[in-house]
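Input: a single structure, listed below in structure tokens.
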Amino acid sequence: MKQGEQFYPNRYPKGKGNFKLHSFEEEIELIQGLNKATGKNIGIYPEIKDPAFHQKEGRKITEIVLEILADYGYKTKKDNCILQCFDTTELERIRVSLKSDLFLVQLIEFEDETKQLAHFATYADGIGPWYKQILDKKVGEKWQFTTLVSDAHKLGLKVHPYTFRADSLDEFTTFDQMMETLLIEANIDGAFTDFPDLVVNFLKEK
């Protein structure tokens, strides 16, 4: 490792290889091709980033994404695709105005958004909070949790927190400890992570 170079375990080394940015269609074709070759049925979890910016630039990013998804067979909640967005107005528009029947997850970042679950439940199927919004305080060696997960479940919302990283554990000693606390003890429904293999391995051992 060169002087001044940051080291992140379990992450591909920065600057190694001549990789190019894939289009959305190419990414979907890669997943679907691998599914066909392996006999698996791995889904996709795309996010519409900053739709207001794209609309300002004259690009109907949401309509484009929905059209591409539909072209590749992702139209309903049964089609193994979860679509997420931080923009509450846009995600609601996807359900109400654009009449999408995809599984929609409302990403949330700010504390006041955790108080809007009843509204989110009118158009979304789940929420994607920052995982720290689930943690309350530690008593001895055990974490106590906020009511966010139970409140969401009462409204029929799934909870998929972000982002679980093995190279940025903060409150936790190991990645498995993080998984045990949030996936098992906090009773969340899924994990948004840069390390899906570690999450899968953890769940296989449960």
Audit row: H160, I188, side-chain contact (heavy atoms from CB on, under 4.5 Å) steps and yes/no: CA-CA 7 Å; H160 298 172; I188 63 174; over 6 Å; no
Validation row: T193, F175 side chains within 4.5 angstrom (heavy atoms): yes
Sub-4.5 Å side-chain heavy-atom contact between I94 and I48: yes
Short side-chain donor-acceptor distance under 3.5 Å, Q55 and E90: yes
Check: Q84 side chain, L104 main-chain N or O, donor-acceptor pair, under 3.5 Å: no
Closest non-hydrogen atom pair between L91 and A124, with its separation: CD2-CB, 4.4 Å
Shortest non-hydrogen contact between F195 and A166, atoms and distance: CE1-N, 3.1 Å
Salt-bridge criterion met for D125 and R95 (N-O under 4.0 Å): yes
Pairing residues for D170 by the side chain to side chain donor-acceptor pair (under 3.5 Å) criterion, not counting sequence neighbours: K132
Expected output: side-chain H22 to main-chain I28 donor-acceptor under 3.5 Å: no
Side chain S23, main chain E26, donor-acceptor under 3.5 Å: yes
Donor-acceptor pair, side chain of T146 and main chain of Q133, under 3.5 angstrom: yes
Heavy-atom side-chain proximity of L98 to L66 below 4.5 angstrom: yes
Close side-chain approach of V199 to L183, heavy-atom, < 4.5 Å: yes
Residue pairs involving residues 69-118 (criterion ring-ring contact (aromatic ring centres under 6.0 Å, His included); sequence neighbours excluded): F86-Y162
Heavy-atom closest contact (T147 atom, S150 atom, distance): O-OG, 3.0 Å
Residue K60 excluded, over 12 heavy atoms near NZ under 6.0 Å: no
pair T114-W130: side-chain heavy atoms closer than 4.5 Å: no
Residues, nucleotides or ligands: over 12 heavy atoms within 6.0 Å of E67 CD: no
Side-chain heavy atoms of I134 within contact of W143, under 4.5 Å: no
Working for side-chain contact (heavy atoms from CB on, under 4.5 Å), residues T173 and L169: CA-CA 7 Å; T173 304; L169 295 170; over 6 Å; no
Side-chain donor or acceptor of E180 paired with backbone N/O of E185 under 3.5 Å: no
Partners meeting side chain to side chain donor-acceptor pair (under 3.5 Å) with D189 (sequence neighbours left out): H153
Neighbour count >12 (heavy atoms, 6.0 Å) for atom NZ, K115: no
Euclidean distance, M179 CE relative to F202 CZ, rounded to 0.5 Å: 7.0 Å
Exercise: identify the closest heavy-atom pair between P51 and I61: CA-CG2, 3.8 Å
Derivation and outcome, side-chain contact (heavy atoms from CB on, under 4.5 Å), residues L155 and F120: CA-CA 9 Å; L155 292 166; F120 297 157; over 6 Å; no
Over all atoms of both residues, closest heavy-atom pair of G190 and P161: O-CD, 3.1 Å
Chi angles and distances behind the side-chain contact (heavy atoms from CB on, under 4.5 Å) call for D151, L157: CA-CA 9 Å; D151 289 345; L157 293 166; over 6 Å; no
With F192, the ring-ring contact (aromatic ring centres under 6.0 Å, His included) member among Y45, F164, Y131: Y45
Within-4.5 Å side-chain heavy-atom neighbours: D167 and D194: no
Validation row: K75, L69 side chains within 4.5 angstrom (heavy atoms): no
Minimal non-hydrogen separation, H119 against E92, with atom names: NE2-OE1, 3.3 Å
